[in-house]
Amino acid sequence: QKEVEQNSGPLSVPEGAIASLNCTYSDRGSQSFFWYRQYSGKSPELIMFIYSNGDKEDGRFTAQLNKASQYVSLLIRDSQPSDSATYLCAVKEDSSASKIIFGSGTRLSIRP
Amino acid sequence: ETGVTQSPTHLIKTRGQQVTLRCSSQSGHNTVSWYQQALGQGPQFIFQYYREEENGRGNFPPRFSGLQFPNYSSELNVNALELDDSALYLCASSQGPLSQDTEAFFGQGTRLTVV
């Protein structure tokens, strides 16, 4: 069973600090990795995707991928109360054109 | 707004009944994927339709079935509803099956409650 693991949280971070969200995956052949944000009662929205080892930055968000360790993370700089949400890590199976496996999400709370 | 619309937004059904959920994909998108999200869990892949054909299926029983129409809208049908089918059902549309350059956009979901 291919899995994506996340700490469920809640992760509480003071406003303005860096929030660090982590994810591990079991399928060593996975090639594509996604971070989605989901507000309570809403549908997931894509924040970032990453395919290559290393860092990828987009505004306040940085995704980090280490395929050797099967580890992907998301850093949120200058955290804002509006960043409070559940963050879903998702991995695309290499062997399938269609299936994305989601983790159960980490609940992030930014305290003012 | 993602341009992906789902109907209905909420639904209550009785155990054993059948339900049909609908999804209109974003303009220009030919691929729809369906997910089930139980409370406190991540979305679980049910299946994907690409150009009216099923293109991959997750670990769901045959009573979960689907269709995609020529305009690329899609339906998810669930027969013999069970209490554990209570969840948020999400559809995501994309321009082609997901690849490195393809982004999927989610609809707002249908909240199904089975009593």
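Side-chain atoms are counted along with the backbone in the values below, which use heavy atoms only and exclude waters and symmetry mates.
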Sort by residue number and list every member of residues 7-16 of chain B having a non-hydrogen atom under 4.5 Å from chain A.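 Interface residues of residues 7-16 of chain B: none, nothing closer than 4.5 Å to chain A.
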Got a sec, which residues hit salt bridge (charged side-chain N to carboxylate O under 4.0 Å, His left out) with A/Glu15, two or more places apart in sequence or on another chain?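 Scan of A/Glu15 (salt bridge (charged side-chain N to carboxylate O under 4.0 Å, His left out), adjacent residues dropped) gives none.
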With a 4.5 Å cut-off on side-chain heavy-atom distances among I, L, V, M, F, W and Y, is there a chain of contacts connecting [X] to [Y]?
| X | Y | result |
| --- | --- | --- |
| B/Phe47 | B/Leu81 | yes |
| A/Leu11 | A/Leu75 | no |
| B/Phe64 | B/Leu90 | no |
| A/Ile47 | A/Val72 | yes |
| A/Tyr87 | A/Val4 | yes |

May I ask you to check whether A/Tyr36 and B/Phe106 place their ring centres under 6.0 Å from each other?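 When the ring centroids of B/Phe106 and A/Tyr36 are compared, they turn out to be within the sub-6.0 Å range.
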Answer yes or no: does atom CG of B/Leu39 have more than 12 heavy-atom neighbours from other residues, nucleotides or ligands under 6.0 Å?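 No, not enclosed.
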To the nearest 0.5 Å, how far apart are CD in B/Gln41 and CG in A/Leu88?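 That separation rounds to 10.5 Å.
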If I measure from the heavy atoms of chain B, does A/Gln38 come under 4.5 Å with its side chain, its backbone, both, or neither?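 Contact with chain B: side chain only.
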Residue B/Gln37 versus chain A: region with a heavy atom under 4.5 Å: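 Just its side chain gets close to chain A.
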Any sub-3.5 Å donor-acceptor pair from A/Ser43's side-chain atoms to B/Gly109's backbone N or O?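 Looks like no, no N/O pair under 3.5 Å.
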Using only non-hydrogen atoms and a strict under-4.5 angstrom cutoff, which residues of residues 103-112 of chain A touch chain B?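 Listed by number, the contacting residues are A/Gly103, A/Ser104.
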Just to be sure I understand the criterion: a residue of residues 58-71 of chain A counts if one of its heavy atoms is under 4.5 Å from a heavy atom of chain B. Which ones qualify?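 None at all.
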Please examine the side chains of B/Tyr35 and A/Ile100, heavy atoms only from C-beta on, and report whether any two atoms are closer than 4.5 Å.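 Heavy-atom side-chain distance check passes, below 4.5 Å.
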